[in-house]
Amino acid sequence: MACAMRTYHAGWVISTACWEENPPGWQPGDAPHYCASGKAQLVDPDAYSGTWLSKADIIAPADKNNLFTDSNLAQATIAKALREMIEALKVP
């Protein structure tokens, strides 16, 4: 099952997706594991009064070595990482 989430931060739309990605050795009956990735796109550059180091899309690629046992946590973690990357692009 794939799931998706969209949020907004400082003029950027953050889109995340997650899917079941069970580790080697996973057996039926074990808790499922999830992997996630995300992308941020600047849609309102004037939402921030300063300037941006970059206005290019930001990608948070899937990391199959970092699996989650909760799909909501997977997406929240990726969204948080993207928000931190957005904050790092701000120039006062």
Side-chain angles (χ1 to χ4, degrees):
M1 169 182 88
C3 46
M5 179 181 77
R6 287 185 76 154
T7 58
Y8 182 82
H9 180 75
W12 296 73
V13 171
I14 297 172
S15 304
T16 61
C18 76
W19 56 92
E20 202 168 304
E21 185 77 43
N22 292 312
W26 182 88
Q27 297 290 319
D30 290 349
H33 287 75
Y34 299 93
C35 192
S37 65
K39 178 167 113 172
Q41 294 177 291
L42 183 61
V43 295
D44 184 6
D46 297 327
Y48 171 60
S49 61
T51 59
W52 297 102
L53 288 174
S54 173
K55 295 180 181 179
D57 292 356
I58 305 168
I59 304 293
D63 178 0
K64 293 184 180 182
N65 295 313
N66 186 20
L67 299 177
F68 301 87
T69 56
D70 179 89
S71 62
N72 291 324
L73 178 60
Q75 291 190 96
T77 301
I78 295 300
K80 180 180 182 233
L82 286 165
R83 285 191 304 274
E84 290 170 353
M85 288 184 238
I86 290 166
E87 289 298 315
L89 293 176
K90 288 181 175 181
V91 177

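All of these numbers come straight from a predicted model, not from anything done at the bench.
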Smallest separation among heavy atoms of [X] and [Y], with atom names:
X: Asp30; Y: Gly25; value: OD2-O, 4.2 Å
X: Gln75; Y: Met5; value: OE1-N, 3.2 Å
X: Thr16; Y: Ala79; value: CG2-N, 4.0 Å
X: Asn22; Y: His33; value: OD1-N, 2.9 Å
X: Ala40; Y: Ile86; value: CB-CD1, 4.0 Å

So do [Y] and [X] actually touch side chain to side chain, heavy atoms under 4.5 Å?
X: Trp19; Y: Ser37; value: yes
X: Glu21; Y: Lys64; value: yes
X: Ile14; Y: Tyr8; value: no
X: Asp44; Y: Trp12; value: no

Q: Run the numbers on Ile58 and Lys39 for side-chain contact (heavy atoms from CB on, under 4.5 Å), then give the verdict.
A: CA-CA 6 Å; Ile58 305 168; Lys39 178 167 113 172; over 6 Å; no

Q) Can any side-chain N or O of Asn66 pair as donor or acceptor with the backbone N or O of Asp63 at less than 3.5 Å? A) no

Q. Hey, are Glu84 and Lys80 close enough for a salt bridge, meaning a charged N less than 4.0 Å from a carboxylate O?
A. yes

Q. Would a line drawn from the ring center of Tyr48 to the ring center of Trp52 be shorter than 6.0 Å?
A. yes

Separation of [Y] [atom2] from [X] [atom1] (nearest 0.5 Å):
X: Ser71; Y: Glu20; atom1: OG; atom2: CD; value: 9.5 Å
X: Leu89; Y: Lys55; atom1: CG; atom2: NZ; value: 11.5 Å
X: Leu67; Y: Tyr34; atom1: CG; atom2: OH; value: 11.5 Å
X: Ile78; Y: Cys18; atom1: CD1; atom2: SG; value: 10.0 Å

Q) Hey, quick one: are Leu53 and Leu82 part of the same hydrophobic cluster, counting side-chain heavy atoms closer than 4.5 Å, chains of contacts allowed? A)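 The answer is yes; both residues are in one hydrophobic cluster.
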
